[in-house]
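Below is one structure; the comments refer to it alone.
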Amino acid sequence: MAKQIITLTVNGETHEVAAEPRELLVYVLRERLRITGPHVGCETSHCGACTVDMNGKSVKSCTVLAAQADGAEITTIEGLGNPDGLHVLQEMFREHHGLQCGFCTPGMITRAHRLLQENPNPTEEEVRFGMAGNLCRCTGYQNIVKSILAAADQMNGNTSSSSEAVGHSNMEAAE
Amino acid sequence: MGWEYDSGDYHTAWDKALATVGYDALRAEQAQMVEDFKAGKTRKLMGIGLCHFTEIVGAGPVKNCDILGMGMFDSCEIRIHPTGSAIARLGTISQGQGHATTFAQILASEIGLPADSITIEEGDTDTAPYGLGTYGSRSTPVAGAATAMAGRKIRAKAQMIAAYLLEVHDDDVEWDVDRFVVKGAPERFKTMKDIAFAAYNQAIPGVEPGLEAVSYYDPPNMTYPFGAYIAVTDIDVDTGEWSIRQFYALDDCGTRINPMVIEGQVHGGVTEGLAIAMGQEIAYDEMGNCKTGTLMDFFLPTAWETPHYVTDFTETPSPHHPIGAKGVGESPNVGSVPAFSNAVHDAFRAFGLRQSHMPHDHARIWKIANGLGLHG
Amino acid sequence: MIPAGFDYHRPDSVQAALSILTEHGDEARVVAGGHSLIPMMKLRMAEVPHLIDLQAIAELKGICIDGDTVTIGAMTTQHELITDDALADFAPIMREAALQIADPQVRYMGTVGGNVANGDPGNDMPGLMQALDAVFTLVGPNGTREVAARDFFEAAYMTAREDDEILTAIRFQCPIGGQAYEKQKRKIGDYATAAAAVILTKEGGACTGASIAMTNLSDTPVQCLASAEALVGSACNGEALDKAVTEMLAVIDPGEDNRGPVEFKKHVAGVILRRAIARAWDRG
Ligand SMILES: Cc1cc2nc3c(=O)[nH]c(=O)nc-3n(C[C@H](O)[C@H](O)[C@H](O)COP(=O)(O)OP(=O)(O)OC[C@H]3O[C@@H](n4cnc5c(N)ncnc54)[C@H](O)[C@@H]3O)c2cc1C
Ligand code: FES
Ligand code: FES
């Protein structure tokens with residue numbers, strides 16, 4: 001099938017790429033644009049390693065076709081921070097040992113970023129529910145959750161950490 | 001002759017575990033729940049899964065252990081740069097276990113250079129010393145020991161250099177955190193950084209220039225970490241659903257190098273145990289097709305199913321390891337699977353359950369309850 | 001896992017979409033959120049030479065409450081269903097059910113139209129739509145028609161929608177009374193082992209009307225008329241409740257899969273239904 005020109009704004013930069021419509025967004029990002037933050041874990045929409053932010057939503061880019069993404073605004077981990085200027089979430093993941101092998105981490109942080117945009121003050125339970133589309137094989141999630149709660153605290157300008165507190169059952173706020 | 005446990009203080013660990021979870025109160029609550037269940041007041045049961053385990057890791061003595069004929073030593077090569085920074089190369093490889101942190105810390109405390117000025121390099125077969133790699137919790141017990149031993153060789157040479165620079169006999173200086181100090185004259189010293197510079201830039205009679213060392217460590221024995229794990233699980237008798245109310249993991253991995261890294265290993269290992277105990281299975285149909293080929297069917301818990309763990313420790317150093325460390329990566333996997341499954345089993349103990357099969361997914365738990373006549 | 005090649009279309013009106021659909025016949029298929037269709041295309045279980053993306057069609061989006069009727073555009077995502085407070089007031093069961101679908105990322109993409117048009121017995125919206133007695137609007141080359149959710153599902157992946165029709169909206173009346181969506185699943189991201197949607201009205205301690213549908217216990221959602229009837233006039237307990245469960249068990253037909261054997265699923269279906277009824281009753 002013929003390639004078509006697909007316009008993607010990734011991390012603020014607009015790219016025109018020739019891609020087949022059937023290509024998966026994650027491969028367009030990784031192989032055509034060399035933006036390799038989004039990882040391919042399962043390729044079956046279960047693990048969330050490929051999570052990117054597309055038009056303000058967390059999506060699994062292994063289940064989005066290149067053509068569907070045409071015209072979209074995309075943020076990947078590369079757009080959130082870099083080694084010289086880490087995003088608060090990146091900093092908190094480092095601080096609280098929120099990653100081990102790091103395979104899930106770009107997806108985790110990209111998802112967590114959207115979660116905190118929508119719910120800046122989540123409880124532990126809300127974080128766990130809101131992060132349930134991302135699998136991690138290494139950390140048992142505990143320090144990921146801790147890192148996200150700590151990042152929320154920082155972003156809200158709190159110095160005292162409430163990250164050990166377990167919140168009330170309120171799954172809606174996690175959405 | 002069999003293997004000999006290196007060290008263990010099992011009663012202390014076990015008593016601490018039982019006290020921390022409030023074991024007696026849990027048993028009382030459980031007995032009440034059984035009564036309420038029998039009286040028709042609840043359809044829930046609670047199980048307390050206990051597991052006290054020892055591990056055997058850190059393979060292993062070359063006289064006993066080999067892979068395809070290659071003895072299971074491990075290794076570390078250290079080069080101290082004239083600037084006082086260092087690089088250490090090891091025969092292991094980290095997949096996220098935090099080797100760069102742990103090994104740098106081991107070396108920092110042996111040679112007195114800050115951990116963040118020590119580069120740890122693993123996995124490049126062009127430059128790495130021979131080693132048997134990372135698995136079975138062997139990295140710290142074997143390569144970590146090699147790191148400490150190589151560090152001590154560095155320090156031994158540094159002592160000669162320091163004594164020369166301070167114009168005293170080798171035996172008249174002593175090690176103090178990051179420097180050699182003249183005994184009885186603490187104002188006279190040379191830091192490891194000073195020594196590193198001198199090692200390359202000053203002719204010292206009878207001493208080769210440079211500051212490097214290599215250790216191939218052949219462990220005299222395995223190490224035997226141990227732990228006490230307790231899982232408290234609520235069971236819905238009618239649907240087979242479970243939820244982990246509490247999970248307590250006490251690990252004794254000997255000398256603790258980096259508590260945060262250890263905790264991370266435990267969280268991850270226990271979660272893997274949760275997956276194995278409560279749902280993971282590679283099932284096949286009659287035609288031999290794998291039925292559990294996606295992560296929807298092959299159980300990998302999300303942050304939602306995974307509980308908030310409580311970790312704890314006792315510290316019983318290994319007598320034969322240079323710094324007393326035993327290894328921890330594998331322990332949580334060993335302890336948690338029985339702890340989770342025992343909790344399910346324990347929930348039904350009052351009703352005469354003698355045997356049940358893993359993984360304890362909803363359908364199997366339901367089947368246990370059904371087999372015991374609990375569905376009326 | 002990459003789908004076979006296709007021509008991609010992104011029309012900006014239903015009419016334009018229809019004309020592409022008509023032009024290519026069974027060579028064409030619409031995609032909404034793609035979170036059921038794309039996995040099938042990747043597995044090459046669905047081949048779609050012409051893929052018509054509905055994302056640019058504004059008229060398919062939005063939630064419109066007008067008096068006691070709500071109309072939800074087919075392209076409204078599950079995430080939008082959850083975050084719409086007006087809808088949550090109007091029909092709390094929508095939010096309750098949508099929160100139990102898949103995971104956050106899937107809910108940002110998956111649409112209510114796709115969830116019902118898909119015809120997968122595992123989907124949660126079809127049973128819910130039956131309980132709500134929703135009506136689906138279908139637009140085809142011969143105009144617009146409406147089909148009740150209760151008549152829509154024919155078999156697994158087979159619905160009353162013709163290949164050349166687009167589902168544009170779902171519509172239902174404000175559910176009166178207590179409502180509950182109860183779902184058992186193995187983990188987040190899993191389809192139901194069993195799920196029940198229950199809506200009950202009560203007056204003076206007696207049930208005056210009931211609507212019940214079960215999910216993933218047959219090759220279509222199962223509306224349980226006799227169960228509902230059994231509850232009317234009762235306090236939704238005792239013999240009436242037992243009868244409601246018995247009647248439900250008579251109409252479901254679950255198959256064995258990785259979630260468990262048939263016997264287990266039937267038992268769980270009974271338990272889930274009892275719980276949904278109890279909760280709906282408490283909320284009524
Ligand atoms: C990991 C995972 C877990 C999931 N878990 C659940 C779950 O627990 N419960 C649940 O209900 N769903 C679940 N889903 C499915 C998810 O909700 C889907 O998104 C949904 O079923 C389909 O919606 P869609 O918009 O993605 O449809 P698409 O995938 O785009 O389309 C599905 C089908 O419907 C047709 N179609 C779509 N829109 C229209 C329309 N307007 N008119 C005519 N035909 C149309 C398409 O041609 C296609 O055949 C899960 C999906 C994944 C990937
Ligand atoms: S790679 Fe996309 S969800 Fe796993
Ligand atoms: S850190 Fe390894 S998968 Fe999450």
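Labels below follow one simple rule: chain letters A, B, ... track the order of the sequence lines, proteins then strands, and each chain is numbered from 1.
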Closest-packed option against chain A by number of heavy-atom pairs under 4.5 Å, given I38(C), T77(C), L43(C) | I38(C)
Between chain C and each of Q68(A), K60(A), M131(A), count heavy-atom pairs under 4.5 Å; write down the option with the most.
-> Q68(A)
Side-chain (N82(A)) to main-chain (G85(A)) donor-acceptor, under 3.5 angstrom | yes
Okay, L51(C) and chain A: the region with an atom under 4.5 Å from a heavy atom over there is side chain
Return yes when atom CZ of R44(C) has more than 12 non-hydrogen atoms of other residues, nucleotides or ligands closer than 6.0 Å, and no otherwise.
-> yes
Flag the pair T110(A) / T76(A) as yes when at least one side-chain heavy-atom distance between them is below 4.5 Å, and no otherwise.
-> no
In terms of heavy-atom pairs under 4.5 Å with chain C, the winner among G48(A), S58(A), S45(A), G71(A) is S58(A)
Pick whichever of G189(C), P3(C), A88(C) has the most heavy-atom pairs under 4.5 Å with chain A.
-> P3(C)
How about N156(A): does its CG atom have over 12 heavy atoms from other parts shown lying under 6.0 Å from it?
-> yes
Is it the case that T75(A) and N11(A) place a side-chain donor and acceptor less than 3.5 Å from each other?
-> no
Show your working on salt bridge (charged side-chain N to carboxylate O under 4.0 Å, His left out) between E96(C) and R283(C) and close with a plain yes or no.
-> CA-CA 13 Å; E96(C) 186 174 38; R283(C) 291 168 176 177; 3.0 Å; yes
Does any heavy atom of chain C fall under 4.5 Å from the side chain of T51(A), the backbone, both, or neither of them?
-> side chain
Whatever's closer than 4.5 Å to a heavy atom in chain A on M109(C) counts as side chain
